[in-house]
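For clarity, every value in this text was computed on a predicted model and none was experimentally measured. In this chain, residues are counted from 1 in sequence order. Just follow the structure's listing: the first ligand is 1, and inside any ligand the first atom is 1. These values consider heavy atoms only, across backbone and side chains, with no hydrogens, waters or symmetry-generated copies.
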Amino acid sequence: MTGLPGVPVTEATRVALSRADAHSAHNYDPLPVVLESAHGVWARGIDGVDYLDLLAGYSALNFGHAHPGLVAVATDQLARLSLTSRAFQHSLFGDFCEAVSRLCGKDAVLPMNTGAEAVETALKLARRWGYEVKGVPADRAEIITFAGNFHGRTIAIVGFSTDPDAHDGFGPYPPGFRTVAYGDIGALSDAITENTVAVLVEPIQGEAGVLVPPDGYLGAVRRLCDDTGVLMLADEIQSGLGRTGETFACDHEGVVPDVYILGKALGGGLVPVSAVVANWAVMGVIGPGQHGSTFGGNPLACAVATEVVRMLETGEYQQRSRELGAYLHELLGQLPRDGVAQVRGRGLWAGVELASGQPPARTICERLLARRVLAKDAHEGTIRLAPPLVVERHELTWAVEQLADSLVDSPDPL
Ligand SMILES: *Cc1c(COP(=O)(O)O)cnc(C)c1O
């Protein structure tokens with residue numbers, strides 16, 4: 001690892017980076033910073049520098065690092081009861097399931113840990129619903145997904161990824177998936193057959209570069225699903241829980257999916273918690289022994305997630321995301337045209353697509369790091385911004401100034 005232009009990498013940072021590089025699989029290519037503590041929107045490196053975190057763990061840190069209320073709940077629970085397995089009931093499980101169901105306006109929850117597991121769970125649920133309720137012939141169920149999707153990293157999920165890095169070289173992949181263009185209701189309609197059981201959709205495609213579908217699209221997907229007897233599965237793992245200025249990104253169009261898939265911020269940035277949430281008409285098809293997870297719904301996860309729901313039910317975080325998001329988008333809209341081609345997103349979530357002639361987004365993120373801002377590229381030409389929802393207005397002002405300066409840097413020395 002070499003230093004960034006203008007920023008000397010300290011010896012301690014250099015050593016930590018090279019040790020990690022020597023002994024970890026190279027499935028990531030992290031920016032050259034080594035963090036050791038964080039509060040709110042600020043993370044401190046072992047170099048003693050404070051960085052403003054505009055990635056927020058891909059929206060897992062919607063409430064900021066070490067949110068005091070969440071840390072208190074987690075610490076208390078950790079000493080009390082951390083794991084029972086689902087072989088035994090624990091005292092927080094009922095509260096958790098009720099809270100998450102209430103947040104989604106649904107009947108029931110199936111808790112898992114990571115986002116990918118929750119997506120897999122939703123796919124299994126939809127297939128079984130297809131066979132038991134819709135009457136699809138055995139092993140013929142089809143699920144429709146979208147070009148540019150990101151739903152996690154399991155074999156089934158990467159099987160329908162259209163990103164070669166994520167997809168290639170891991171086959172054979174499970175059949176039963178069909179991928180159509182995102183945002184094109186005609187393409188979706190053409191792909192639905194009598195064996196289609198579900199449509200798996202991100203209400204905003206995050207990893208693809210914060211792509212917001214055309215107005216009315218989610219509503220049209222909902223109507224098409226209703227008309228054809230197909231389940232609408234909304235992957236709100238990144239878009240949900242306040243990120244876009246509403247509890248769910250589907251709320252912007254008044255759309256209620258059949259199944260919500262939640263993760264990331266549900267664990268408050270402290271523990272992995274994911275969930276599939278649906279009415280009994282769907283959830284009822286899963287019985288004992290037919291799905292599960294050792295850690296899913298554990299007491300620590302339930303304590304934290306129930307507090308997350310309580311925090312979201314105040315509406316405070318959604319409001320912050322709406323108001324500060326409008327401010328962020330206003331600032332980004334003022335960036336020069338030779339720097340930025342387009343800004344997409346909703347609430348405190350933005351995909352900043354660089355103008356042609358700009359260096360790769362990764363280079364801009366390195367320049368941002370040198371200016372004490374943590375951000376991540378989403379594909380070559382887009383920088384994804386998703387600050388914790390506890391960010392302050394002046395911090396956004398400062399961060400966008402750093403971005404503006406990063407766009408006009410003189411060419412990087414080779
Ligand atoms: C992050 C993400 C996932 C996968 O979550 P993991 O916890 O990393 O498995 C799935 N879907 C979307 C939309 C995501 O952003």
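- By the 4.0 Å N-to-carboxylate-O rule, R80 lies close enough to D76 to be salt-bridged with it.
- A salt bridge is absent between K134 and E194: the closest approach of a Lys/Arg side-chain nitrogen to an acidic carboxylate oxygen does not fall below 4.0 angstrom.
- Sorted by first and then second residue, the side chain to side chain donor-acceptor pair (under 3.5 Å) pairs with a member in residues 85-94 form an empty list; sequence neighbours excluded.
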Present, as a list of atom pairs with distances to 0.1 Å, all nitrogen or oxygen contacts under 3.5 Å between ligand 1 and the protein.
residue  : atom   : partner : partner atom : Å
ligand 1 : 7 (O)  : G115    : N            : 2.8
ligand 1 : 9 (O)  : G115    : N            : 3.3
ligand 1 : 9 (O)  : A116    : N            : 2.8
ligand 1 : 11 (N) : F150    : O            : 3.3
ligand 1 : 11 (N) : D235    : OD1          : 3.4
ligand 1 : 11 (N) : D235    : OD2          : 2.6
ligand 1 : 15 (O) : Q238    : NE2          : 2.7
ligand 1 : 15 (O) : K264    : NZ           : 2.6

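- Partners of Y131 under the side chain to side chain donor-acceptor pair (under 3.5 Å) rule, at least two apart in sequence or in another chain, do not exist in this structure.
- Side chain to side chain, E236 and S239 meet the donor-acceptor criterion of an N or O pair below 3.5 Å.
- Listed by first and then second residue, the side chain to side chain donor-acceptor pair (under 3.5 Å) pairs involving residues 300-314 are R102-E313, E307-R310 (not counting sequence neighbours).
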